[in-house]
Amino acid sequence: MSALLELEDVNKDYRVGGFLDRSTLHAVKHVSFTLDAEKPEIFTVVGESGSGKTTTARMILGNETPTSGTLRFMGKGIAQVRTRKERLDFMSRVQPIFQNPFEAFNPLTTLDYYLFSTARRFLGLKDKAAVDAATDKALQHVGLSLAEVRGRYSHELSGGQLQRIAVARALIPGPKLIVADEPVSMVDASLRMSIVNLFRELRDTLGVSIIYITHDLSTAYYISDRVIIMHKGDVVEAGRAEEVLGNPTHEYSRALRSAVLPPDPVVASAIIREKLRAI
Amino acid sequence: MFKILRDLLRYNIEFAIGFVLTLAIFLFALAHFWAPLPDNAIYLLPPDMPPSAQYWFGTTSRGQDVLWQMSSAIWNTMLFGLSVTILSRLLAVAVGMISGYLGGKWDEFLMTINDTMIALPNIPILLLVYFVMRDQMSWPVLALTAALLGWNYDARLIRSVTLSLRNREFTRHAVFAGMSVPQILVRQHLPYVMPVIFFTAMNNLIWAIGLEVTLSVLGFSDINRPTIGGMIYWANQHQAIIAGIWWWIAFPIIAVVLLFLGLFLLAISVNEYIDPRSRLSRMGA
Amino acid sequence: MLRVEGLKAYYQMNYFGVRREVRAVDDVSLTIKRNEIYGIAGESSSGKSSLIKTIAGAITPPLRVVEGSVKFDFGGKELDVYAQRPAMKAARWKHLSYVMQGSMNVLNPVRKVKHAFHDFAFKHMGLSEGEFRARVESHLQRIGLDPRVLESYPHQLSGGMRQRLTIGLATVCEPEFIIADEPTTALDVLVQQDVLALIKGVQQRMGSSIIFVTHDMTVHAAIADRIGIVYAGRLVEEGPTLDVFQRPQHPYTAHLIASLPRIGDTRKRVALGGKPPNLADPPSGCRFHPRCPLAVDKCKSENPPLLARNTGRVACWRAGEVEAA
Amino acid sequence: QDFIAGIPRNEALIIQGPAAQNAEWFNLWAPGGGATTNGNQQLTADTLWWINPEGTGDAAWTNALAADKPVYNDDFTQMTVTLKEGIFWSDGVEFTADDVKYTVDTQIAHPGMGWSAPFTVNVESVEVPDRNTVVFNLKAPNSRFHTLFTVRWNAAWIMPKHVFETVDDPLTYAANPPVSLSAYVLHSYDTAGNWVIWKLRDDWQRTSIGQGLTEAPQVKYVVYRNAGNPDARVIEQMNHNLDVINDIAPEGMFTIARDAADSTAYWFPGFPFAHPDPTLPSVLFNHQVEPFNNKDVRWALALMIDIRSVAMGSYRGAANLAALSTPPTGSAITDYYQPMQEWLVNYEVNTGTRTIKPYDPTTAEQIAALVKPQWGDQIPSDPTQLKAMFGEGWWKQDLAAAAELLQKAGFTKNGNQWMKPDGTPFTIKLMVEGDAIPTLARAGTIIAQQWSMEGIQTTVDVAGPTNGQRLGGGDYEAAIYWTVETWGGHPDLSFFLESYHSDFIKPAGEVQPPRNLTRWQDERLDQIIEANRTVGFDDPKVVELGMDYLKLAVEEMPFIPLMAYNKFAPFDTTYWTGYPSAANPYAASGPNWSNLRYMIVALEANPNAPAAQ
Amino acid sequence: MDGFAKYLVRRFFQFFLVIFLGVSLAFLITNLSPVDPVEQSVSLMTSFGATDPRSVELMRSALEELYGLQGTMLDQYLSFWGRVLRGDFGPSLSAFPTPVMSLIMGALPWTIGLLTLALIITWSLGNLLGALAGYYRSNVLLKLSGAAVMALHPVPAYIIGLVLLLAFGFIWPVLPISGGAQMNLQPGFTFDYIRSLILHGTLPALTLVLVGIGSWFISMRSLVSNIVTDDHVVYAELGGVNSSKIFSQYVARNALLPQLTGLALSLGNVFGGAVITEFLFNYPGVGRLLIQGIYRGDYSLVLGVTTMSIISVAVAVFIIDLLYPLIDPRVRLG
Ligand SMILES: Nc1ncnc2c1ncn2[C@@H]1O[C@H](COP(=O)(O)OP(=O)(O)OP(=O)(O)O)[C@@H](O)[C@H]1O
Ligand SMILES: Nc1ncnc2c1ncn2[C@@H]1O[C@H](COP(=O)(O)OP(=O)(O)OP(=O)(O)O)[C@@H](O)[C@H]1O
Ligand SMILES: [Mg+2]
Ligand SMILES: [Mg+2]
């Protein structure tokens with residue numbers, strides 16, 4: 001098997017603290033995992049806030065260098081990506097999707113600018129018609145069309161649509177991997193579903209691997225192939241989604257699992273009442 | 001462009017007042033091209049005439065019509081002030097944005113230069129430069145020197161705005177959309193920096209005009225070219241205030257105040273127009 | 001306890017000749033009883049926050065109340081939020097407290113937390129400085145916060161702690177009514193559970209009424225007695241929590257409940273098609289009709305009234321069919 | 001509260017002084033030390049002789065420390081001086097010939113000291129045969145050696161030997177407090193340099209000035225204060241906080257004359273008020289720059305000037321015009337100006353096509369007519385009086401002749417622009433100092449305008465503090481500046497003329513010694529200078545040689561003399577009266593001149609002064 | 001702690017770099033100045049006396065030696081730094097041989113006294129008015145005072161000073177218009193002297209206040225109008241906190257923090273003097289010293305003042321950078 005993405009004992013430390021009380025924070029500790037190039041999958045990272053999910057994602061995207069350990073994308077060390085050309089090349093294979101669809105687009109820029117810019121730069125297209133065609137194709141994948149998007153601003157579209165456009169944009173260069181950091185945490189339940197469904201489609205039809213970062217265990221369960229659970233920078237549990245989430249073994253995973261409230265008033269209120277009594 | 005102007009004029013009373021004031025002063029200044037006498041001609045009119053129907057703003061002790069002197073003085077001073085302001089804004093924007101966006105070594109390098117410039121005291125440096133340049137010290141050179149001294153504090157302000165934009169998601173998104181650094185800075189960040197630019201431009205303009213006056217008062221100016229500072233200089237040479245020739249100084253100062261108020265009103269109302277916050281509410285976001 | 005009648009609150013904007021009116025709250029009526037937790041749910045941008053702001057009397061231009069009234073009943077005295085402003089101001093924190101959306105950022109960043117308690121609550125409690133401090137400390141302890149946080153600056157505390165603090169701040173005077181907007185959003189699940197338990201506990205102890213907003217249905221499931229569902233500025237359904245979850249009456253509610261994923265269940269869920277309505281130019285008739293699978297012609301032209309049905313109320317011409325579907 | 005703490009206002013004379021950079025410094029003999037015009041030089045220093053720049057003939061001469069005029073040997077290689085007796089330093093030590101010798105010897109030994117250079121150049125040795133006699137043996141014949149000890153503005157002041165003997169390095173010695181050889185001593189001073197107060201010596205009789213007085217001077221305190229900018233000065237005088245203003249713009253003077261006429265005295269009782277200094281503001285040309293080396297061009301530029309506008313523009317008419325190259329003040333009027341009128345009237349200039357007589361003896365009347373509307377009765381109609389006010393006459397503006405002269409020099413006119421013989425436009429940068437000498441800057445702008453109107457684009461270049469250097473280094477085309485300075489009270493022109501010798505002219509770019517800033521070189525001039533060196537100071541031939549020089553200067557027009565440097569120095573009469581004036585020019589050219597000491601001892605308290613509180 | 005130490009070292013390094021660059025630049029410009037102090041002295045000494053050209057030559061070379069102006073620019077640059085490190089700017093050329101340092105030290109107390117006081121008044125008043133005007137937007141009195149400040153803002157310092165001079169020195173002559181204290185008054189902690197200091201300082205200080213107030217006012221007002229929409233202010237309003245408390249503790253306090261940097265910078269600038277005001281009121285401070293130095297070509301003095309000013313601004317910025325985390329609890333060093 002050839003690896004798409006390999007993380008080997010990746011660590012990241014931050015210096016934090018104020019004027020006099022500085023200390024080192026180990027944001028990510030000894031993280032290792034591998035994604036297979038041949039077998040696209042949805043690889044989910046879950047964990048409480050501050051557990052190092054975003055930091056890991058940023059390292060994969062090359063926005064952050066690890067304190068130690070190596071990250072390799074298609075055999076090449078991400079840290080070795082230096083020149084602008086290499087960087088563009090890397091970005092054409094690895095693309096991000098951000099948490100807040102309203103934040104990810106500058107409200108003062110038309111949305112198509114992002115799409116066109118991506119097409120021009122990564123596909124090297126000069127011709128207007130070719131750019132339009134490539135853009136439209138990508139939008140079709142997410143169930144939209146260029147006609148609907150052209151000349152519009154982010155506030156003119158719903159969060160779900162924006163997130164789809166973000167995905168479409170990420171698809172334009174024909175990436176192998178999409179890193180989605182909490183792509184649904186800001187939207188309501190219905191929209192959530194439309195986006196995670198889209199991920200599933202991409203994996204199946206375009207063969208794109210997706211690293212899906214979330215603290216929503218329910219959607220994680222819903223779409224993931226594999227899951228890792230992070231806690232204070234450590235990966236505490238990893239494996240197939242049904243196993244890790246359906247039947248967690250690590251203490252923290254179990255706590256997390258049990259904290260998930262089901263959308264059922266009877267069970268949910270009982271859990272809270274239980275909790276109340278415990279205090 | 002025209003539509004924006006129309007909108008502003010119609011719906012923003014501050015803009016309307018500012019516009020009228022500025023336009024009036026501008027037209028007044030422009031009129032000097034049609035002045036009946038060359039602007040440095042002296043003693044062609046009776047000196048020291050108080051304001052009257054014939055000489056609206058009186059005449060100077062040098063036998064010049066204050067009206068026409070003012071007209072060219074405002075023109076020249078405006079030219080100088082705006083040149084300084086524009087040049088220094090360009091510098092401040094370039095340094096502030098690049099420093100804030102690129103960070104790291106660039107930031108350290110640019111901010112060290114910036115801090116050095118902040119520490120340089122303006123007046124002595126300008127006067128020394130004046131000596132070095134001597135008769136090559138034309139107003140554009142002076143404007144350039146002043147601009148070089150007048151950008152640094154504002155560059156810091158702009159840097160801090162860019163710094164906060166750098167970590168916004170849309171910036172990261174833009175990077176992955178393949179946008180180049182200039183594209184990101186100009187298309188994505190500049191709109192957010194615009195209000196700072198406008199706001200600081202007003203203070204810078206006043207500073208530049210004040211500088212010109214200061215240099216003139218200290219006797220460092222091109223006396224062949226009427227400016228506000230130049231008028232004060234000559235009025236001073238003729239002890240106009242003591243001699244009671246108040247109109248020689250009062251009218252130009254009133255004009256400067258009006259010009260400033262006009263530009264200020266324009267700046268705040270245009271600011272409101274271009275401020276991303278209000279622009280967004282206008283767009284309906 | 002709270003009676004909202006025919007409330008309309010619009011964002012009325014006039015920028016350089018562009019007039020816009022966003023009908024964020026459009027003809028909402030509801031009542032909340034003593035000792036009740038009422039949850040408001042709905043799509044993003046459906047006007048939940050606007051509604052609750054209007055109820056709290058916390059509106060600033062361009063949001064304006066166009067019609068209707070909001071009346072509280074504190075100890076038998078009726079208080080009209082918009083007609084009796086001075087009385088309302090005096091009642092704040094004493095009878096009525098408010099937890100704003102994004103309440104992690106509502107504390108003054110340059111002052112220690114203790115000053116916030118002093119500024120907000122001291123004058124209502126009629127205690128000496130020492131007693132007041134003791135009371136605040138014991139209150140914080142009760143909600144699981146170390147009293148030492150009082151000596152901290154907000155930025156020194158984690159998001160969860162700040163969230164708890166604002167809840168502590170909102171409850172320290174033991175008001176009869178608490179209004180909360182997204183009190184648990186942005187918290188991770190473990191903390192969220194604590195905070196929910198906290199709210200519930202405080203409410204039970206003081207017997208106050210709570211109205212709160214969130215789009216996270218599991219939160220409603222956990223603590224709300226009754227739920228109101230808002231769609232496009234209107235209350236489209238209301239009823240006891242259990243009933244709404246189990247027998248939704250309105251097609252939107254039904255869809256919402258159906259789309260909730262559960263661990264152990266990977267059946268495909270369908271997302272709602274179409275686009276959220278534009279509140280500046282809402283669809284005619286029933287506002288849900290462009291996205292409604294059951295819509296008929298009548299829905300396009302006539303606005304369904306909110307009528308009692310079963311244990312709650314619903315605004316749908318085809319409420320009967322929903323249950324059947 | 002008193003205006004000056006602890007000093008009764010009616011015993012103090014308040015004079016406008018400079019802001020002292022180095023207020024603690026009172027050493028007059030070391031360079032750059034501090035202010036000298038703050039009373040230090042005027043009230044404590046003394047030397048052998050004084051010349052009153054306003055005087056004429058013998059009356060202008062005063063023997064101060066010397067008992068008599070200098071006595072030279074036949075070939076002017078030795079000068080003998082007899083000193084007065086009974087003169088004491090303020091610390092009680094008697095003044096003797098040793099002090100004089102010490103002064104010369106010490107300065108020769110310390111090249112950095114103020115008068116070191118001229119002593120080194122001139123003096124072989126100094127002998128003191130007895131305590132009242134000094135004999136100077138000179139290195140070469142010099143009939144003007146005594147002028148080093150003759151005060152016009154200043155001179156080599158005598159050093160207190162008994163004080164400096166105890167000092168390691170006279171160059172770093174602050175002389176604080178200074179020991180006085182004159183009638184006043186230091187009372188107190190401001191370390192920030194804004195004021196110095198001098199007090200009458202108890203033993204004022206034991207000074208050269210005191211010996212000539214019969215009664216005690218009434219001014220007990222002399223206060224030199226830096227009264228701020230010109231507006232502040234005027235205000236202070238009108239508030240009676242400043243008795244003597246050194247210099248203000250004409251308009252300031254007119255304001256005082258208008259608003260405080262009853263309490264102010266002037267040099268002239270009415271317009272033009274001003275006192276003419278014996279210096280000569282002129283248009284300088286750099287003779288090392290084309291085309292200013294051409295006398296026809298210089299004459300053409302002179303004839304393009306309408307001197308009436310220049311007088312109005314620079315001094316609002318209050319100018320004392322000069323056609324000759326010596327200041328029209330003091331004895332020069334009777335020695336040169338009046339005797340040479342006829343010559344001037346008949347003087348002819350060849351324009352290349354014809355000859356003209358450019359001199360206009362009626363300019364005074366013309367200016368009088370221009371200022372009459374404003375000043376009315378203050379302007380007399382008697383031509384003699386007018387000439388005393390506005391000068392004897394000047395060159396008539398003659399544009400046609402100027403054009404002819406330019407054509408003669410090979411210039412052509414293209415539209416309204418004169419082209420040089422090489423075909424390039426003739427433009428001029430006219431340098432002025434600016435702020436420091438405002439009236440000259442004003443004159444510059446008006447002359448530039450006149451030349452520009454006649455087709456020679458002229459811009460005014462303000463040189464500021466670099467003015468002196470640029471003039472010295474020949475880094476200019478044309479300039480307005482002082483050229484000729486004279487004794488004022490004596491016809492001898494060696495004061496400036498010596499430095500005009502071609503021996504001292506430097507190549508372009510190198511610094512030229514002061515005075516001959518135009519670098520004018522002429523054999524005939526050299527001959528005059530050499531001849532003058534060999535005649536005695538008081539020899540009648542001095543005047544003849546002076547006239548030769550003046551005629552040569554008219555012919556060559558090396559620079560265009562404009563007028564005397566008029567100084568507006570109003571005196572407040574609220575507390576003091578008896579100030580010098582044109583009618584009684586007993587002293588004081590300008591209040592910063594050392595001569596002022598004669599005014600101070602002559603002032604009388606105004607009996608109507610407000611009583612001290 | 002190591003991080004902080006590292007930061008401190010880096011910041012220190014930058015601090016010295018700023019001073020080094022600034023002073024070197026000032027040295028360069030100063031030395032390019034064509035004004036030659038020797039020529040200035042020569043012309044001072046010769047302009048009023050009979051001058052024998054041979055003696056002028058002699059005088060010139062003697063002065064050059066005396067002033068220590070021989071050697072290349074590099075030599076002078078190196079010896080300049082050598083001296084600066086010992087806190088010595090060499091002898092003044094226009095007040096030879098007095099050290100530049102003692103001239104500056106003589107002028108500095110005046111400048112610091114006047115400017116610091118005026119700055120503090122200006123800063124407090126400008127910020128107070130600006131904050132009030134930003135918070136109570138509809139108050140008529142504040143609007144009027146705002147308009148007055150705005151109209152005053154563009155008027156050049158010289159004119160403001162001149163008008164004050166005329167008003168209080170002439171039309172209604174109640175205040176002294178020139179100098180730092182009454183003549184012939186013994187400096188000391190006496191009632192008379194202090195009274196006189198205050199009287200003499202009033203007009204220059206008033207000028208500085210009127211000149212400076214505008215920019216503080218404007219920036220404070222805009223800071224405040226941004227802060228009033230911040231969540232914590234809105235929340236306090238909803239919490240029924242009384243408005244004077246909101247103004248002082250929630251609005252003004254937060255807006256003042258950025259203004260502190262400006263204050264520090266201005267305090268640093270105090271060492272350069274207030275040229276126009278000191279010049280106009282003949283105030284014996286550094287600004288006047290500087291102008292005299294420039295007029296007389298005394299570049300050791302000009303360089304001395306400039307260097308002092310550069311160092312003091314750099315120090316002020318450095319100190320405020322280090323103190324800021326203590327003043328503003330939010331700031332964390334990166
Ligand atoms: N630039 C930084 N400097 C210092 N500390 C940082 C930085 N970025 C992240 N951290 C810290 O590293 C830890 C991990 O952060 P990270 O953002 O990766 O967590 P996360 O799992 O994404 O949390 P969340 O669910 O809140 O997004 C946190 O404690 C965070 O405060
Ligand atoms: N200040 C404002 N000016 C104009 N329109 C606004 C403003 N605030 C909100 N709106 C509009 O009012 C509508 C309702 O917004 P509101 O914040 O009440 O929704 P919400 O249901 O609370 O959404 P969320 O779940 O995102 O918090 C939206 O269409 C929004 O765009
Ligand atoms: Mg994260
Ligand atoms: Mg909301």
Side-chain angles (χ1 to χ4, degrees), chain B residues 37-49 59-64 69 124 126-139 142 214-227 229-246 248-249, chain D residues 229-235 237-238 248-256 258-259 306 308-314 316 370 373-374 429-439 441-442 444-446 448-450 452-453 457-467 469-470 475-477 568:
Chain B
L37 294 169
D39 56 16
N40 51 8
I42 44 181
Y43 298 108
L44 298 182
L45 302 174
D48 298 340
M49 303 301 287
T59 64
T60 71
S61 304
R62 309 179 76 212
Q64 299 161 308
Q69 277 295 296
L126 264 173
L127 294 184
L128 288 171
V129 171
Y130 212 104
F131 282 147
V132 177
M133 305 292 301
R134 288 184 293 164
D135 41 347
Q136 267 93 287
M137 195 66 168
S138 57
W139 75 265
L142 183 64
T214 300
L215 290 179
S216 299
V217 166
L218 295 177
F220 300 89
S221 59
D222 175 1
I223 62 172
N224 300 301
R225 229 175 100 84
T227 58
M231 285 187 82
I232 294 175
Y233 169 84
W234 281 116
N236 236 355
Q237 293 294 304
H238 293 77
Q239 304 211 280
I241 287 210
I242 286 291
I245 317 296
W246 53 266
W248 197 348
I249 285 186
Chain D
N229 76 344
D231 291 332
R233 280 175 231 161
V234 173
I235 292 176
Q237 186 162 76
M238 296 207 267
I248 44 171
E251 290 77 9
M253 174 64 107
F254 301 163
T255 304
I256 291 177
R258 182 188 67 203
D259 295 349
D306 178 355
R308 294 165 303 179
S309 313
V310 178
M312 293 303 288
S314 54
R316 306 295 288 261
L370 286 174
Q374 189 182 356
K429 271 192 182 170
L430 182 61
M431 184 169 84
V432 298
E433 177 157 350
D435 245 10
I437 324 171
T439 40
R442 294 197 202 178
T445 54
I446 186 94
Q449 176 172 330
Q450 293 178 354
S452 296
M453 277 181 359
Q457 270 312 313
T458 308
T459 47
V460 178
D461 179 3
V462 180
T466 61
N467 189 52
Q469 260 171 264
R470 290 182 61 184
D475 180 12
Y476 73 100
E477 294 181 339
F568 296 95

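Because the structure is predicted, anything quoted here is derived from the model rather than measured. Each chain gets a letter, A, B and so on, in the order the sequences are listed, and its residues count up from 1.
- The closest side-chain heavy-atom distance from B:Pro47 to D:Met312 is not below 4.5 Å.
- Ranked by heavy-atom pairs under 4.5 Å with chain B, the list D:Ser452, D:Ala441, D:Gly434, D:Gly252 is led by D:Gly252.
- Note that CD1 of B:Ile242 and CD1 of D:Ile256 are 8.5 Å apart. Values are rounded to the nearest 0.5 Å.
- Heavy atoms of D:Val460 lying under 4.5 Å from chain B belong to its backbone as well as its side chain.
- Of the listed residues D:Glu251, D:Gln374, D:Met238, the one with more heavy-atom pairs under 4.5 angstrom with chain B than any other is D:Glu251.
- Remark: side-chain polar atoms of D:Arg442 are not paired, donor with acceptor, to backbone N or O of B:Arg62 under 3.5 angstrom.
- For a residue to count as touching a neighbouring chain, one of its non-hydrogen atoms must lie under 4.5 Å from one of that chain's; by this rule D:Thr445 touches chain B with backbone and side chain alike.
- Of all the heavy atoms in B:Gln237 and D:Ala249, the pair that sits closest is O-CB, 3.2 Å.
- Note: B:Asn224 leads B:Ile245, B:Asp48, B:Ile241, B:Asn224 in heavy-atom pairs under 4.5 Å with chain D.
- Looking at B:Leu127, neither its backbone nor its side chain comes within 4.5 Å of chain D, counting heavy atoms on both sides.
- For chain B, the option among D:Met431, D:Arg258, D:Met453 with the highest count of heavy-atom pairs below 4.5 Å is D:Arg258.
- A distance-only check finds a donor-acceptor pair linking the side chain of D:Gln449 to the backbone of B:Ile42 [under 3.5 Å].
- Atom CG of D:Asn229 is separated from atom CD of B:Gln239 by 8.0 Å, given to the nearest 0.5 angstrom.
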